[in-house]
Amino acid sequence: MSRQRTAALWIGWSGIFLGVTVLLVALRGQFDQAHVTLIYLLLVLLGSASAGRGLGILLAVTGFLLIDYLFQTPYGTLSVDKGLDWLVLLAFLVTAVVATQLLARAGAAAAAASERADEIDRLSSLGAETLSAGRAEDALAAITAVIRERTGVAECELVASDTVTAQDEKAMLLPLVAHGRVVGVLRLADPDGLHLDPPRVRFLHAISYYAALAIDRVRLVAAAEHAEALRQADRLKDAVLASVSHDLRTPLTTIKALARDIAEGGEERAAVIEQQADRLNRMVSDLLDLSRLDAGGVAVKPEVNTAEDLVGAALQQVSGMLQSREVRTDAVAASEIVAGRFDFVHSVRILTNLLENALKYSPPSTAIEVFISREDPFLVIGIADRGIGVPPQERERIFEPFYRPPSSPPDTGGAGLGLAIARRLATAQGGSLVHRDRAGGGSIFELRLPATALPDEAIRE
Ligand code: ADP
C-alpha cells in the first residue's frame, strides 16, 4: 500500500471515529454502555481491516480510553466506580486487539499466497519461454541468464552430471532431476558469499526443474544428431556397396566369357580363371543381395509349401558338392506332413547356404543330418553336422556380415556373407535362424518359418 493511501486511510478513520464519538456523546442518555462498546468495536474492526494492524491498535486504545472517559460514570474522569465496568473495558480492549491481530495475520497470509501464485505464474512462463528457445544450447544459456538476474549471484553454471569437481567446496550445488534421473548440477558461487533469502531459494528449486529439462534436451539433441550421422554413414556405405558391386559385375562377365573361349582352345589354366571369376561373381551378388536386404528392397512372396519339398529342392541345389557325402533325412519321413507359408526361392537359398556350410565345416567322413519338425506357430528345419562347431562367444557374431571367427579355416571360398544373408531372408519372412550347440560335437542351424495347415486336397494327393 502506498504511503499517501495509508495516511489518507488513517486520517479518514480518525475522522469517522471522532464524528461517531461526538454523535454518541450527544445521544449519551439514549445509549447503554454495551451499545457504545459494540459500536467502537465495529469501528476498530473496520479500521484495521482497511488500514492494517497499526490503525486497529490505535483505534482500540483510543476507544478504550473514550469509553472510560466519556461513557462510564463518573463522566470526564478515567476512573471507574463500578467494579464490573472494568470488565467491560477489558473485554473491549482484548477483543479489539485480538481481532486486529487475527485480521492482520489473515491479510498477510492472503498477500503471501497471492505473491506465491504470481511467483509460480512468472516462473512457469519464464520456464516455457526459455525452453522454447530454438536451439537446446540457447535454452541452457537463457536459463542461466535468468538465474543470474533473479538471484544476483556472480557465477551460475549448468553442468551435465559427473563433471563437478571437488574444488567446488564453496559453491552451492543443486542436483538437477528430470524424469526421475539426475541429469546434471546447478552450480552457484559468489566471491562475496551466497546470500539467498527463502523466496530466492524457492525460485532456484523451481527453476532447477526447467534447467534439468534443458540439459536433458541438449543430451537428446546430441543423441539424435549422432544417430542421424550413423544413419547417413550407413546409407552412404550401402550406396557405395551397391554401386561397387554392380560395377564389378560387367567386367567379371567379360572375364568369364573370355576364359571360356580360351579354355575351349585347350588352355587348362583358363578353367582356373573361370572358377575364380565364378567365385568373385558369387561374392558380388551376395554383396548386392545383402545391401538390398538391408535397404528392405527384397520382395517376399509367401506361398503354402511343404518342408519336405523345400529340403528336397535345397539338396538338389547342393548335389554337385555332395559327392559321396552321406545326408540323412530320416526325420523327414515323419507321418505328419509339415507345411508352412514361406517364400520358396528365398528359403531354398537359406537351406543351400546352411548345407554348403555344413559340408565345408565338417569332415567328409561324417554325415549331415536334416530334421523337420513342427513347433507351432513354426515349422523347424535343422541342419546338423559333426564339424568343428562354433565357440559360444561367436554364436551370434557369425550372423554378422563379413564376420569369420578366428577359428574358421582360412580359405573356404566365402566372404562371411552366407549366414548374414540367410538370417535376413528368414526374418524377412517372419521366421528366424539360430545356431545351436550339438551334443557330441558339431553344429545345428535351426531355421524357423511360419507353419500352416495344408489344404485337405493337398494331403490326399
Ligand atoms: P563363410 O562360410 O563365407 O565364411 P558364412 O556367413 O556362411 O560365411 O559363415 C560365417 C562363419 O560361420 C564361417 O566363417 C564359419 O566360421 C562359421 N560357420 C558357418 N557354418 C558353420 C558350421 N556348419 N560349422 C562350423 N562353423 C560354421
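In the displayed structure, Glu137 atom CD is contacted under 6.0 Å by more than 12 heavy atoms of other residues, nucleotides or ligands. Other residues, nucleotides and ligands contribute at most 12 non-hydrogen atoms within 6.0 Å of the CZ atom of Arg116. Heavy-atom contacts from other residues, nucleotides or ligands closer than 6.0 Å to OH of Tyr69 number 12 or fewer. Atom CZ of Arg28 is surrounded by more than 12 heavy atoms from other residues, nucleotides or ligands within 6.0 Å.
If you take SG on Cys156 and CG on Leu204, they are separated by 8.0 Å, rounding to the nearest 0.5 Å. Here CZ of Phe402 is found 4.5 Å from CG of Leu287. Values are rounded to the nearest 0.5 Å. Rounded to the nearest 0.5 angstrom, Leu18 CG and Thr62 OG1 are separated by 10.5 Å. Considering CG of Leu290 and CG of Leu417, their distance stands at 6.0 Å, rounded to 0.5 Å. With rounding to the nearest 0.5 Å, the separation of CG in Asp68 from OG1 in Thr73 is 10.0 Å. Once rounded to the nearest 0.5 Å, the distance linking CZ of Arg217 with CG of Leu140 reads 9.0 Å.
In terms of heavy-atom proximity, Thr100 sits nearest to Gly56 at CG2-CA, 3.7 Å. The minimum heavy-atom distance between Leu103 and Ser48, with the atom names listed, is CD1-OG, 3.4 Å. Residues Leu59 and Leu43 share a closest heavy-atom pair of CD1-O, 3.9 Å. When all heavy atoms of Asp376 and Ala451 are compared, the closest pair comes out as OD1-CB, 4.4 Å. Of all the heavy atoms in Arg341 and Thr452, the pair that sits closest is N-CG2, 3.7 Å. Ala277 approaches Ile255 most closely through the heavy-atom pair CB-CG2, 4.3 Å.
Put simply, the side chain of Arg249 reaches to within 4.5 Å of the side chain of Asn281, judged on heavy atoms. Side-chain atoms of Leu174 and Leu188, non-hydrogen and from C-beta on, never get closer than 4.5 Å to each other. Side-chain atoms of Ile383 and Leu355, non-hydrogen and from C-beta on, do get closer than 4.5 Å to each other. In this structure, the side chains of Phe71 and Val25 come closer than 4.5 Å at one or more pairs of heavy atoms. The side-chain heavy atoms of Ser373 and Val338, taken from C-beta on, include no pair separated by under 4.5 Å. In this structure the side chain of Val153 never reaches within 4.5 angstrom of the side chain of Met172, judged on heavy atoms. Looking at Phe92 and Leu41, their side chains come closer than 4.5 Å, going by heavy atoms from C-beta outward. Between Ile67 and Thr37 there is a side-chain heavy-atom pair separated by less than 4.5 Å.
Using a 4.0 Å cut-off between a side-chain N of Lys or Arg and a carboxylate O of Asp or Glu, Asp190 and Arg148 do not qualify as a salt bridge. Remark: Arg423 does not engage Glu400 in a salt bridge, criterion side-chain N to carboxylate O under 4.0 Å. A salt bridge is defined here as a Lys NZ or Arg NE, NH1 or NH2 lying under 4.0 Å from an Asp or Glu carboxylate O, and Glu446 with Arg448 meets this definition. Electrostatic pairing of Arg424 and Asp289 does not count as a salt bridge here, judged by no charged N lying under 4.0 Å from a carboxylate O. Ion pairing between a basic and an acidic side chain is recognised when a charged N comes within 4.0 Å of a carboxylate O; Glu394 and Arg397 show no such pairing.
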Worked check of side chain to side chain contact (heavy atoms under 4.5 Å, CB included) between Val221 and Glu225: CA-CA 6 Å; Val221 167; Glu225 280 172 0; 3.6 Å; yes
Check step by step if side chain to side chain contact (heavy atoms under 4.5 Å, CB included) holds for Val311 and Leu351. CA-CA 7 Å; Val311 170; Leu351 287 187; 4.1 Å; yes
Take Leu433 and Leu354 through the side chain to side chain contact (heavy atoms under 4.5 Å, CB included) test and state the conclusion after the steps. CA-CA 10 Å; Leu433 176 63; Leu354 298 179; 3.8 Å; yes
Output, in order, the C-alpha distance, side-chain angles, deciding distance and verdict of side chain to side chain contact (heavy atoms under 4.5 Å, CB included) for Arg105 and Arg53. CA-CA 9 Å; Arg105 219 178 276 171; Arg53 188 190 350 229; over 6 Å; no
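Using modelled atom types, one side-chain atom of Arg395 and one backbone atom of Val390 make a donor-acceptor pair closer than 3.5 Å. Judged by distance alone, the side chain of Arg386 and the main-chain N or O of Ser362 form no donor-acceptor pair under 3.5 Å. In terms of modelled atom types and a separation under 3.5 Å, the side chain of Arg135 and the main chain of Val218 share no donor-acceptor contact.
Under the side chain to side chain contact (heavy atoms under 4.5 Å, CB included) test applied with Ile350, the options Asp343, Leu310, Leu447 reduce to a single match, Leu447.
Within the structure, ring-ring contact (aromatic ring centres under 6.0 Å, His included) pairs that include any residue of residues 10-42 comprise Phe17-Tyr40 (at least two apart or interchain). Applying the ring-ring contact (aromatic ring centres under 6.0 Å, His included) rule to pairs touching residues 419-439 yields His435-Phe445, sequence neighbours excluded.
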